[in-house]
Structure formats: structure tokens, C-alpha cells
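Some notes on the structure that comes next.
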Amino acid sequence: MLPAAAHAHADHAHPPALAEAWTLSPMVLVPFGLLALLYAVGLRRLWRQAGYGRGVGPGGVLAFWSGMAVMALATIWPLDAFGAWSLAAHMAQHMALLAVVPPLVLAGKPFAVVAYALPRRWSGALHAALHRPLSRVSDWLAPAAIAHSAVMWAWHLPGALEAVLAHEALHHLMHSSFLLAGVWFWSAAWRRLREPQTGAGGGVVALLAVMMQMGFLGALLTFAPRALYPVYAARAPDIGLAPLADQQLAGILMWVPSCIPYLIGALWLLWQGLRRSARRTPAPERTP
């Protein structure tokens, strides 16, 4: 299948049809397929040993596979192929990798589940080597929020996007940085619930701050009086989009739908924080 499939950014002679908009790159398919296989095997072993729903519940499993489905839409079909022609498609791909895939995949507890798919000696060695540094990194909420915003702003500069469309290695680097920055930020936000001193407050502030940054950049693209990306100004008409309309659609996607996961995450953290605070508050003594 791989030799017969044209890669998304390899040929710009004509835009692909929807049925042909596949990106069958080993750089994407191998890690994607490996993660899916290890998770399925690990989940089967975990539930067989501990019982159905133990360790990770059905809701978490559904969230994980939903995140994998969104990742497939973003990197395999069809957004990656159309991202070479439409800024809106490229923006939808970026926001999926940054704002949607990480919280959904993390909700399925992939590290714990995948450990059950590995030989016990391997999983023990990986746990001993990675648990402490990953836990320490997950405590760094402010650096994670800064990295999240920096990745978002840097890759959406016009020069950066033009370079990405011209160099395939840079294209993979961009998508990897979006995914890693998203995983780091979302894992650090969830971890704030375990902080006895600060609770969920820091996570709520960070989520809202990142959401405001994303909304600001989306508003800039939406209300810009001219097309800011020459490469898309030349290509968008080939798929029936006016360049400015394509840019406005990209800005709206970043401004409104992409902010929803952060708002939901902030509300969820606030709710969980209030629940924990209520449980820690002692009940008033009754007067005899």
C-alpha cells in the first residue's frame, strides 16, 4: 500500500479527492499501530487478571480509542492531505493534536495499560527508569503551559508553515512537537489535583490562560484584512476556497471549537477540586 499512496506533502500538482486523501507514511503508521496494539493487548491482560473495569474503566477506554480515532483523522486521513492545500484543514489538524488527542488518550491511562502488554521484566525496568523523571516533569505546570503556547505560536508563523510544507522532516517534527507539548501540558494540569497545597487552582488558571492565548491567535487570523500565508493564498483556490475565507475559517476553528476542551478541562478540574475540598472539610459538631 505504501508505494502506491502519494504522501500528503510530496506532490502539489493537484488536490486529492476525499477518497484518495490518505497519508500512509511509516513515520506515522508504525508508532500509531504499535500503540494501538500494545494498548489492546495490555487492556485484555489487565481485565483478565484484575477484573472487568479495574485499573481503567470503560469510560477511560472509550476516551483512549476516541483519541486514537481523532489522531487517525488528523494524521492518516484526510486532514493531513488537505492540509497542504487549505490553512483551515491544517489548523484543524494542529488543534486536534494539541487540544483533543492528548486529554482523550491520557484519560485511558495508556502508560499503565501498555505496561501489562510488556514482559514483566521490561515493564519493571521501564518503570524504574522513567517513573521518577516523568513524575517530576508532570509537576512543572508553568513550563508546560509556556511550551504549549510557544509551540502553538511558533509553528503558525507564516514562514514556519511555508518551511513545513516544503520539507517533510520538518513536517513530522511539527506534528510531534504539537503532540508532545499537548501531552506534557494536559498531564501536568491533571496532576494538580494531587497537590494538597494548591489543589486544582493552578490547573484551572493554566487551562484558561492557554485558552485565551489560543483565542487571541484565532481572532488575529479571523479579523486580518488580508491573507497572511502566501502559500495558501496560491493553493486554496484549487479546492474552491477564497484565500481570505480559508484563513478566516482557520481562525474560527482555533478561536471557538479548539478552546472548548480547555474550558471543559478547567470546569472539570474546578469541580473535582471543590469535591476534594468538601471531603477534607470536617463536619460541624452538633450541639447536645
field: CG on L104 to CH2 on W186, rounded to 0.5 Å
entry: 9.0 Å
Spacing of M27 atom CE and H175 atom NE2 [to the nearest 0.5 Å]: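 M27 atom CE to H175 atom NE2 measures 12.0 Å (nearest 0.5 Å).
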Main chain of [Y], side chain of [X]: is a donor-acceptor contact present, judged purely on distance under 3.5 Å?
X: R192; Y: G202; answer: no
X: K109; Y: G55; answer: yes
X: Y39; Y: F64; answer: no
X: Q272; Y: A200; answer: no
X: Y229; Y: H156; answer: yes
X: S187; Y: W184; answer: yes

field: Check: W155/S177 side-chain N/O donor and acceptor closer than 3.5 Å
entry: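 Yes, because at least one side-chain N or O of W155 sits under 3.5 Å from a partner of the opposite role on S177.
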task: Would you please classify the geometry between the Y232 ring and the H90 ring as parallel, tilted or perpendicular, with 30° and 60° separating the classes?
output: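 H90 vs Y232 ring planes: perpendicular.
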query: Any idea how Y262 and F185 line up, ring-wise: parallel (<30°), tilted (30 to 60°), or perpendicular (>60°)?
result: tilted
message: Check for me whether R136 meets the cation-pi criterion with W140, that is, NZ or CZ under 6.0 Å from the six-membered ring centre and within 45 degrees of the ring axis.
response: no
message: Would H94 and M254 count as a side chain to side chain contact (heavy atoms under 4.5 Å, CB included) here? Give the steps.
response: CA-CA 9 Å; H94 295 172; M254 175 178 274; over 6 Å; no
message: I'd like to check T75 versus T23 (side-chain heavy atoms, cut-off strictly below 4.5 Å). Are they in contact?
response: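 Heavy-atom side-chain distance check fails, nothing below 4.5 Å.
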